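Quick notes on the structure that follows.
Position 1 is the first residue of the sequence; numbering continues from there. Quick caveat, the model's predicted, so the values are computed rather than measured.
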Amino acid sequence: MKLLTLFLTKLAVRGILTMYRRMSTHFDFLVIGGGSAGYAAARTAHGFGKRVAVVDGGAELGGLCILRGCMPSKTLIYAAEVLHLAKQGGVFGLSIPEARANLPALIDRKRRLIADFAQFRDKQLHDGRFALFTQQAQFTDSHTVALADGTQLTADKFMIATGSKVSWPAIPGLRDCGAWTSDEVLDAEKLPESMIVLGGGVVACELAQYLSRVGVQIIQIQRSPRILKEASPEASAVVERAFRDEGIKLITGTKLLRIEKTATGVTVHYEKDGVARRVEAKALFNALGREPNVASLGLAAAGVNLSDGGFVGINEYQQTSAANIYAGGDCSGPHEIVHVAILQGECAAKHAFSQPTLPVDYDGLTTVTFTDPQVAYCGLTEVEIKRRGWDFVTASYPFNDHGKSIVMEANYGYVKTWARKPDGLLLAAECVGKDAGELIHAMAVAIALHGDVRTLLKAHWYHPTLSEIWTYPLEECAEGLG
């Protein structure tokens, strides 16, 4: 009898342990990636009372924005702007004998600030709401992932939020020339005296200007006819003029042929206007873009398809070709922006658990490029406005004819608004100029609230402020409504 009791007890204990192990490795929702989209999805699912796991195999927790993207880059870019203003002191009637960058101090401040941001996210992921696994994960089927140590985790629903990584286009010599990436630029306490920047996108332009302002001679080479090709031609032209005025050598409309590492640095061979040319510098910065970080996830085993450009294919609710698997953030697009990633993560979690939700609304999309002048846009593109068949009126006004911007020596750029006829509904706004990233939000809120230009003009636009510049195109649009 004692033996039978002991045997049954062992069976019961084994059953409890088996059940515990099964429970400890099975989740309602498993998120791969603890950045902006992943954390938003995990937090939302937990709010529904779901058992959530977060798997993140990065060397540090925090995601691209905190660790190697938005926050470190803006820390350095703003410091470089302060330095630039100090160097322009004479324009303002100031005597500033010497202004120069102290790179070790600059980077030390950046590291301290980023450590604080990262620590906050780390605490959020460790606060007990989620089961956290700091390992790489790979799908073995649509309900199972294998971790690097062999652990198998299963879940009813998944969220892929693995972000992006630096792209290395197939340009002969690019991988072999010791090229810098944004990671190295953002952490460099010592910089070369000259550098070639390959690319003309947001990262390329923001960091090219930062490098130039802290003392590096910059040659920027863009394959397209203009930099910031996703922005309007007018916006690109303003930034190009500012770059050239600051001493950046800007070469656009090129075909990159090959890159050669030399005894003294790097040589880039390219073609422009049908003529083979070359430029030399001490170092090269590969800023030719980023690509989805999904190659190691085993998506085929899970039945998850990729779209053009290697992005994870999703529907309007962030759902992939595998119905129980969702994706958001840089790995799925269509816009690699933090606030969009957060909205996508929340949408995915709500849809996964049948909670009321709507797809992310991109009609009021806001974008900002932190060059100086900044480039900001919100609302529909003019192409989309025309595609919808709406009649509209548009107007613009330059910064160099506006009182507050003139006294600030902030003369580059303009503001522009688009309004629908005949009701005056604000459809879009563009700001290229000083603090455009801050100014754009007045229009972004107006678009979200379906404001019309006549009503916006009833607001108290304080004088003298940069913000009151919006009143000029708004007035012109209102007059054009008939």
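Counting only distance, with no hydrogens or angles, the side chain of S321 and the backbone of N305 share a donor-acceptor pair below 3.5 Å. T252 places a side-chain N or O within donor-acceptor distance of the main-chain N or O of P225, the cut-off being under 3.5 Å. Using modelled atom types, no side-chain atom of S236 and backbone atom of R226 make a donor-acceptor pair closer than 3.5 Å. The closest donor-acceptor contact from the side chain of T394 to the backbone of T417 lies under 3.5 Å. Using modelled atom types, one side-chain atom of T320 and one backbone atom of I325 make a donor-acceptor pair closer than 3.5 Å. Formation of a donor-acceptor pair under 3.5 Å by the N400 side chain with backbone atoms of Y412 is not found in this model. A donor-acceptor pair is defined here as one N or O able to donate and one able to accept, closer than 3.5 Å; such a pair exists between the side chain of T371 and the backbone of P373. Between the side chain of W461 and the main chain of L456, a donor-acceptor pair closer than 3.5 Å is present. Judged purely by atom type and a 3.5 angstrom limit, R51 uses its side chain to pair as donor or acceptor with the backbone of H26. N286 contributes a side-chain N or O that, together with a main-chain N or O of L288, makes up a donor-acceptor pair within less than 3.5 Å.
With sequence neighbours excluded, the residues that form a salt bridge (charged side-chain N to carboxylate O under 4.0 Å, His left out) with R68 are D183. With sequence neighbours excluded, the residues forming a side chain to side chain contact (heavy atoms under 4.5 Å, CB included) with H450 are L425, listed by chain and number.
More than 12 non-hydrogen atoms from other residues, nucleotides or ligands lie less than 6.0 angstrom from CZ of R244. Heavy atoms from other residues, nucleotides or ligands lying under 6.0 Å from NZ of K229 number 12 at most. Counting non-hydrogen atoms of other residues, nucleotides and ligands closer than 6.0 Å to CG of D308 gives a total of 12 or fewer. Counting heavy atoms of neighbouring residues, nucleotides and ligands inside a 6.0 Å radius, atom OH of Y78 does not exceed 12 of them.
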_Determine whether F158 and F139 satisfy the following criterion, ring-ring contact (aromatic ring centres under 6.0 Å, His included), listing intermediate values before the conclusion._
CA-CA 10 Å; F158 289 83; F139 283 99; 5.2 Å; yes
*Decide salt bridge (charged side-chain N to carboxylate O under 4.0 Å, His left out) for D187 and K110; before the verdict, give the C-alpha distance in whole Å, the side-chain angles of both, and the deciding distance to 0.1 Å.*
CA-CA 9 Å; D187 214 31; K110 184 267 300 185; 3.0 Å; yes
*asked:* I'd like to know whether F353 forms a ring-ring contact (aromatic ring centres under 6.0 Å, His included) with F29, so could you lay out the CA-CA distance, the side-chain angles of the two residues, the decisive distance to 0.1 Å, and finally the verdict.
replied: CA-CA 9 Å; F353 297 106; F29 196 51; 5.5 Å; yes
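Taking CD from Q209 and CZ from F243, the interatomic distance works out to 4.5 Å, rounded to the nearest 0.5 Å. Distance CD1/I66 to CG/L61: 10.0 Å, rounded to 0.5 Å. Atom OG1 of T75 sits about 9.5 Å away from atom CD1 of I107, to the nearest 0.5 Å. Note that OG of S36 is 8.5 Å distant from CG of L64, once rounded to the nearest 0.5 Å. Taken from CE in M195 to CG in L211, the straight-line distance is 5.5 Å, to the nearest 0.5 Å.
Counting heavy atoms from C-beta on, the side chains of Y377 and T366 never come closer than 4.5 Å. For the pair L426 and V453, the minimum side-chain heavy-atom distance is below 4.5 Å. The side-chain heavy atoms of E336 and S164, taken from C-beta on, include no pair separated by under 4.5 Å. The shortest distance between side-chain heavy atoms of P464 and V407 does not fall below 4.5 Å. By the 4.5 Å heavy-atom criterion applied to side chains, T369 and L228 are counted as neighbours. Taking the side chain as every heavy atom from C-beta outward, L191 and V214 approach each other to under 4.5 Å. Taking the side chain as every heavy atom from C-beta outward, Y397 and K416 never approach each other to under 4.5 Å. The shortest distance between side-chain heavy atoms of C331 and I160 falls below 4.5 Å.
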Solution key, residues 428-446 side-chain donor-acceptor pairs under 3.5 Å, sequence neighbours excluded:
| residue | atom | partner | partner atom | Å |
| --- | --- | --- | --- | --- |
| E430 | OE1 | Y414 | OH | 3.0 |
| E430 | OE2 | S232 | OG | 2.7 |
| K434 | NZ | E81 | OE2 | 2.6 |
| H441 | ND1 | G437 | O | 2.9 |

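No salt bridge links K350 with E346; every basic N to acidic carboxylate O contact stays at or beyond 4.0 Å. Checked for salt-bridge contact, R129 and D127 meet the test: a charged N lies under 4.0 Å from a carboxylate O. Comment: R111 does not engage D108 in a salt bridge, judged by the lack of any side-chain N to carboxylate O separation of less than 4.0 angstrom.
Residues in residues 356-375 take part in these salt bridge (charged side-chain N to carboxylate O under 4.0 Å, His left out) pairs, two or more places apart or across chains: R213-D372, D363-R388. Within the structure, ring pair (Phe, Tyr, Trp, His ring centres under 6.0 Å) pairs that include any residue of residues 286-324 comprise Y317-H351 (at least two apart or interchain). Applying the side chain to side chain donor-acceptor pair (under 3.5 Å) definition to pairs two or more places apart or across chains, those involving residues 464-473 are H463-E468.
Using modelled atom types and a 3.5 Å distance limit, the side chains of E409 and Q88 yield no donor-acceptor pair. A donor-acceptor contact under 3.5 angstrom links the side chains of T181 and E184, judged on distance only.
Geometrically, R121 engages Y39 in a cation-pi contact defined by less than 6.0 Å to the ring centre and at most 45° from the axis.
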